[in-house]
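Here is the naming used below: chain letters follow the sequence lines, and residue numbers restart at 1 for every chain. Keep in mind it's a predicted model, so treat the numbers as computed, not measured.
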Amino acid sequence: MSDELRRNLALFPIGIVQKLTELTPRQIRYYEQHELIQPARTEGNQRLFSFNDVERLLEIKKLIDQGLNMAGIKKMLAASAPAELPVKEEAKEEVQRMKDLSDEELHELLKKELFIHGRPGVSGSLIRGELSRFFH
DNA sequence: TTTCTTACA
DNA sequence: TGTAAGTA
C-alpha cells in the first residue's frame, strides 16, 4: 500500500482528531463547512478523518493562532492545495482588496508565497519541517 | 458514550 | 466560538 493511499485513509472520528489537533469539534466542523477539509462519512453520518485531514487541520490551527480569519486561510490553502502556482499573484491582489484583512494576515500570505516557491510541484502534505522554516 | 445538526448567546 | 437540545 502506497503512502499516499495510507495518508488518505479515513480512520478516526472527531474525538480522536480533537485530541490530535487540540481543536474543538466545533472548530473542526466549522472548517469543514468552509471546505478547508473534506472528511469521509460513515453509514451513520459520522465523520472519519485521514492523516491528511489531520495535517491540514494542524496547519489551519497554526494559521488561526497567527491571527488569520477564514478568508485569509482559504487563500493560503487555495494556493497550495492545487499543487500549481498560478494563483499566488492573484491571491495577493485579492487580499489587498480585502479591507477586513489585517497587515499580519497579508504578511502570512507573503510567507505562503515563499513556501510555494520553495517547493514547486508539491501536491501532498504541506506541513512538514519545510513549512516551519517560513513560519518562524 | 460519542457524534450529528440546528440554532441561539 | 461556546453551548444547549434532541437524535442516531
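Counting all heavy atoms, side chain and backbone alike, A/D53 lies closest to A/Q38 at OD1-N, 4.3 Å. Scanning all heavy atoms of the two residues, the minimum distance from A/G72 to A/L68 falls at C-CD2, 3.8 Å. Between A/L11 and A/L48, the closest heavy-atom pair is O-CD2, 3.9 Å. Residues A/L23 and A/L57 come closest through the heavy atom pair CD1-O, 3.8 Å.
Along DNA chain B, read 5' to 3', the first and last nucleotides having any atom under 4.0 Å from a heavy atom of chain A are B/dT3 to B/dT5. Mapping heavy-atom proximity under 4.0 Å, the span of DNA chain C touched by chain A runs 5' to 3' from C/dT1 to C/dT3.
Under the 3.5 Å distance criterion, the side-chain polar atoms of A/E32 are left unmatched by any main-chain donor or acceptor of A/I28.
In this structure, CG in A/L36 is found 5.5 Å from CE in A/M70, a value given to the nearest 0.5 Å.
A heavy-atom distance below 4.0 Å to DNA chain B is reached by these residues of residues 40-51 of chain A, ordered by number: A/R41, A/N45, A/Q46, A/R47.
Counting heavy atoms from C-beta on, the side chains of A/L9 and A/F51 never come closer than 4.5 Å. In this structure, A/F49 and A/I37 have side chains that are in contact, with non-hydrogen atoms separated by less than 4.5 Å. Contact annotation: the side chain of A/K61 never approaches that of A/Q27 to less than 4.5 Å [non-hydrogen atoms, C-beta and beyond]. For the pair A/R41/A/R47, a side-chain contact is recorded, criterion being any heavy-atom separation below 4.5 Å from C-beta on.
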Would you write out the dot-bracket form of DNA chain C, 5' to 3', with Watson-Crick and G-U pairs under 3.5 Å, [ ] for crossing pairs, | for pairs to other strands and . for unpaired bases? ||||||.|
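For A/R6, the side chain to side chain donor-acceptor pair (under 3.5 Å) partners two or more places apart in sequence, or in a different chain, are A/D3. Shown here are the side chain to side chain donor-acceptor pair (under 3.5 Å) partners of A/T21, two or more places apart in sequence or in another chain: there are none.
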